[in-house]
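Values reported hereafter were calculated over all heavy atoms of this structure, with side chains retained and with hydrogens, waters and symmetry mates removed.
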Amino acid sequence: MCQTTAVSKEGIRLNLQDITKRYPGVLALDRVSFALEMGRVHALVGENGAGKSTLIKILAGVLHPDEGRIVHQEADISISSPQRARQIGISVVHQHSHLIPNLSIAENYALRVAYPRTSLGTISWGTVSHQAAVATQILIPSLDVQRLARSLSGGERQLVELSFAFASSPDVMILDEPTAVLPERETGLLFQRIKEFAHAGGTVLFVSHRLEEVFRIADDVTVLRDGAVVWRKLTQETDHEDLIGAMVGRSVSFERDPDCVPCDGQRLECRETGAEIATLQVKEGEIFGIYGLVGSGQPELCQALFGLRDTPRMSISLNAKEIGNLVTSDRVRAGLGYVPADRLEQGLFYQMTVGENMSLASLSGLTRLGFINESQEQRINDDLIQKLRVKTQGIEQRVNQLSGGNQQKVLLARWLESQPQLLILEEPTQGVDVGAKGEIHKIITSLAKSGVSILLISSEIPELMALSHRIGIMRDGKLVAELDATSATEEEILREALPNSVSQMKSDSAMQEHRERHPLSRLGRKIFEQRELSIALFIGLIIVVFGVTTPGFATWRNLSDVLVNNSIVLIGALGIMFVIISGGIDISVGAIMGLAAVATGLANQSEYASSSIALLALGVGSVLGVLNGSLSVLGGIHPIIITLGTLSILRGVLIHVTGGRWILNLTSTATVFGQTEFWGISVLLYFGLFAVLASHIFLRHSKSGRLLYALGGDKSSAEMLGIYPKHVVPLAFGLCGLFMGLAGLLHAGRYGQVQTNVGIGFELKVIAAAVIGGTHIMGGRGSALGTLWGTVLIGLITNVLVLTHVSTFWEGVVVGSMILLAVGTDALVSRKQEKTA
């Protein structure tokens with residue numbers, strides 16, 4: 001029976017009535033009804049899979065209910081999109097950050113509110129930065145809003161998202177697990193801001209698995225179970241036991257198991273090279289907990305033990321055998337397992353099934369003569385699903401369809417299959433509900449009782465005290481204390497974890513001194529990370545070196561010829577740049593360029609005017625580009641598949657239209673586009689430079705251009721903000737087609753003829769120029785200026801090879817090597833930025 005505390009109709013801001021949502025075979029929400037009042041903090045709790053995330057997505061405009069009403073200020077509303085939710089006054093901070101990683105903090109804020117414009121209609125970047133700086137002052141003052149989102153730590157990302165939510169001045173704020181990655185001080189500041197917001201008349205829906213926070217911040221609480229409301233009560237009318245019972249329908253214990261006792265044998269030992277005393281020792285069957293404030297080095301310790309970080313000065317022994325010199329796969333075979341804190345980015349493979357994820361760490365044991373024993377694999381996986389009580393439709397279900405708690409169990413099952421002797425668990429219950437947390441605690445305890453050693457890293461002191469035999473304290477990257485978990489208090493653990501102010505000041509001083517001593521090193525890093533600048537400097541170096549060593553290279557005639565000869569490639573590279581930035585690829589661009597050239601030739605033979613020829617070529621390219629993008633979006637098919645098909649079709653159309661014959665002797669109405677000169681400079685160069693300028697203005701100063709970056713940077717996050725592929729992808733492909741149409745027009749005009757093989761190999765040249773110029777092949781990054789430099793660099797290298805009479809074979813080798821170098825540089829820079837964060 002649903003028990004509900006009476007709510008006055010006065011002051012109701014949002015009223016949910018009989019909200020129902022169905023998925024195939026699943027009733028996610030079953031006639032959910034409750035009201036949110038002004039000036040109150042309302043908590044929503046329930047196990048993972050209870051329907052909380054579905055309900056939040058409905059209120060955020062990401063999903064739409066099958067039945068029911070949402071009443072806002074006494075009027076029925078339809079929250080059709082995230083933009084509509086923001087217009088109504090609903091601001092949502094989801095459990096996982098949706099900042100676009102390759103965009104600045106400032107621009108991420110603009111994506112959520114609006115891009116302020118100048119009097120010319122372009123984006124006012126100064127206003128964008130100012131607004132974001134004001135917004136972040138709420139929770140994370142002094143943050144440089146020009147930093148890229150990918151450079152932020154998990155806690156910083158969460159504080160930024162929360163600051164954005166407060167700054168938007170909403171009527172209703174929905175916070176889903178807002179403190180999951182926040183330390184206590186930041187949590188206290190957040191709660192202060194929440195209370196101030198509610199006191200001013202705002203409405204807060206607070207979702208958390210940390211029940212102590214519910215009683216700390218909420219005025220009342222609603223419990224969901226199996227998609228339905230169990231009851232709603234004032235927090236002062238309930239307690240932890242009542243709340244847990246309503247959530248899970250059973251009792252859950254977090255008490256220490258007295259039968260879980262470690263053995264005397266040493267399982268893990270770590271020590272500094274040459275040191276007599278071990279830094280870390282873990283016994284057989286022991287649960288060794290580690291606690292530290294954020295930034296104290298716990299993740300780095302886990303990664304070092306698992307072989308993901310170099311430890312040249314550390315000796316690591318497992319069962320008295322040195323493993324510090326082994327690669328990760330060999331450490332796994334030696335008996336090591338690791339469950340990382342971030343199951344989204346580092347743990348699970350979300351496009352794979354439950355069974356595939358579970359078997360990954362133990363494939364060698366399931367393989368005979370190179371083939372997996374599928375019956376054995378299924379039997380083991382089915383047993384583990386039952387043992388761990390994983391709620392799933394079976395091993396063939398995609399793991400991204402499971403709740404957070406069940407995903408965590410799948411991750412644990414992966415390592416149970418490999419039968420580890422030491423299991424590293426980093427935040428194993430982060431983001432899971434209280435019922436799943438209790439079950440995971442039992443799994444950890446049972447593993448220890450069976451002889452498995454556990455290294456447990458947790459930010460929750462009560463969890464460490466309930467599970468661990470000993471607790472190590474980390475500070476400044478080192479283990480500084482060790483406590484008996486059975487007798488230690490929370491105050492003692494926290495006191496040991498607090499930084500020593502004197503040593504911290506010395507450390508900060510040393511870092512500042514290092515920075516002041518090495519200004520050139522800082523400058524070098526900045527140049528290295530700015531692709532456009534680094535390529536420009538490299539081009540300058542090439543001109544100087546080969547200008548001295550190669551006769552005829554550094555002359556105005558030769559260098560201008562390089563620019564003119566590569567203008568068509570530049571235009572094509574700019575076109576493919578739009579598609580790659582948006583997260584796609586188009587391998588049919590050579591065929592589109594070829595068809596545009598054929599259209600130019602045929603129109604010239606039909607005595608069209610120059611303007612009509614140009615419009616026809618540009619139109620052919622644009623239509624074919626939009627067609628590629630639309631087919632990809634509507635069919636839900638990766639664009640490489642679509643464009644592979646259209647490549648073959650368009651090549652066939654080209655041969656059919658021309659009858660397999662060249663189009664020769666084009667007249668001045670067509671050649672005017674490729675053979676005209678102004679002030680002694682070919683019109684091709686003017687077209688190329690104009691294309692660079694137009695591309696730069698579009699990408700940098702228009703909202704549509706910025707949406708390409710957002711979608712390519714993180715598709716799922718973009719969709720949560722209301723940026724959908726169906727609106728962006730056809731635009732990117734259409735622009736690409738437009739530029740290919742221009743390239744075809746200029747090609748026909750320059751040579752005065754159109755060959756039947758026109759455009760073959762063009763796609764490889766333009767993709768290479770864009771990627772070498774800094775366009776990230778996975779999307780989200782790139783610039784018109786970088787593409788210009790990438791094209792010029794390829795042109796100069798090719799020119800040098802010609803002047804030095806080197807075989808054309810080496811042109812492909814050099815260009816291919818440059819692509820690999822560009823991709824490798826991107827990976828190196830990204831890795832360094834992630835380590836810095």
L190 pairs by side chain to side chain contact (heavy atoms under 4.5 Å, CB included) with which of L159, L182, I217?
->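 Filter result, single survivor: L182.
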Residue among V410, N406, L402 satisfying side chain to side chain contact (heavy atoms under 4.5 Å, CB included) with T392 =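 Of all the options given, the one that passes is L402.
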Verify the neighbour count for atom [atom1] of [X]: are there more than 12 heavy atoms of other residues, nucleotides or ligands below 6.0 Å?
X    : atom1 : result
Q376 : CD    : yes
E374 : CD    : no
K449 : NZ    : yes

Heavy atoms only: give me the nearest [X]-[Y] pair and the separation to one decimal.
X    : Y    : value
G292 : Q298 : O-NE2, 2.7 Å
E269 : R271 : OE2-NH2, 2.9 Å
A304 : R331 : O-NH1, 3.0 Å
L455 : L422 : N-CD1, 4.4 Å
I471 : S468 : CG1-CB, 4.0 Å
L464 : I290 : CD1-O, 3.8 Å

When you look at E213 and R210, which way does the salt bridge (charged side-chain N to carboxylate O under 4.0 Å, His left out) test go after all the steps?
-> CA-CA 6 Å; E213 293 182 351; R210 298 179 176 181; 3.8 Å; yes
Could you verify whether a donor N or O on one side chain and an acceptor N or O on the other, from [X] and [Y], lie under 3.5 Å apart?
X    : Y    : answer
H94  : E161 : no
S315 : E322 : yes
E463 : T429 : yes
S359 : E377 : yes

I'd like to check [X] versus [Y] (side-chain heavy atoms, cut-off strictly below 4.5 Å). Are they in contact?
X    : Y    : answer
R267 : E286 : no
I454 : V452 : yes
F206 : L44  : no
N357 : R414 : yes
Y338 : L308 : yes
V221 : L243 : yes
T222 : H42  : yes
I457 : L425 : no

Worked check of side chain to side chain contact (heavy atoms under 4.5 Å, CB included) between R150 and L152 | CA-CA 5 Å; R150 71 169 183 264; L152 301 176; over 6 Å; no
Using the ring of each side chain (for Trp, its six-membered ring), is F197 parallel, tilted or perpendicular to F166, with breaks at 30° and 60°?
->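 Judged by the thresholds at 30° and 60°, the geometry between F197 and F166 is perpendicular.
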Would you call the rings of F215 and H240 parallel, tilted or perpendicular if under 30° counts as parallel and over 60° as perpendicular?
->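 The arrangement is parallel - the two ring planes meet at less than 30°.
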Polar side-chain atom of [X] near backbone of [Y] as donor-acceptor pair, under 3.5 Å:
X    : Y    : result
D219 : V41  : yes
T54  : A28  : no
H98  : M720 : no
Q397 : Q393 : yes
T445 : K442 : no

Salt-bridge present (D220, R232; N to O < 4.0 Å) |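 Salt bridge between D220 and R232, a charged N being under 4.0 Å from a carboxylate O: yes.
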Side-chain ion pair, R333 and D330, N-O less than 4.0 Å =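 Salt bridge present between R333 and D330.
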Step-by-step salt bridge (charged side-chain N to carboxylate O under 4.0 Å, His left out) determination, R470 to D484 | CA-CA 5 Å; R470 290 181 295 153; D484 185 342; over 6 Å; no
[atom1]-[atom2] distance between [X] and [Y], expressed to the nearest 0.5 angstrom:
X    : Y    : atom1 : atom2 : answer
Q158 : I140 : CD    : CD1   : 11.0 Å
L423 : L412 : CG    : CG    : 7.0 Å
R193 : S163 : CZ    : OG    : 9.0 Å
I316 : L268 : CD1   : CG    : 7.5 Å
F34  : L205 : CZ    : CG    : 5.5 Å
R379 : S375 : CZ    : OG    : 6.0 Å

S453 and Q421: CA distance, side-chain angles, deciding distance, side chain to side chain contact (heavy atoms under 4.5 Å, CB included) verdict | CA-CA 6 Å; S453 300; Q421 298 182 51; over 6 Å; no
Just do the side chain to side chain contact (heavy atoms under 4.5 Å, CB included) check on L224 and V230 with the steps written out, would you?
-> CA-CA 6 Å; L224 282 184; V230 178; over 6 Å; no
Chi angles and distances behind the side chain to side chain contact (heavy atoms under 4.5 Å, CB included) call for V214, V45 | CA-CA 9 Å; V214 170; V45 300; 3.8 Å; yes
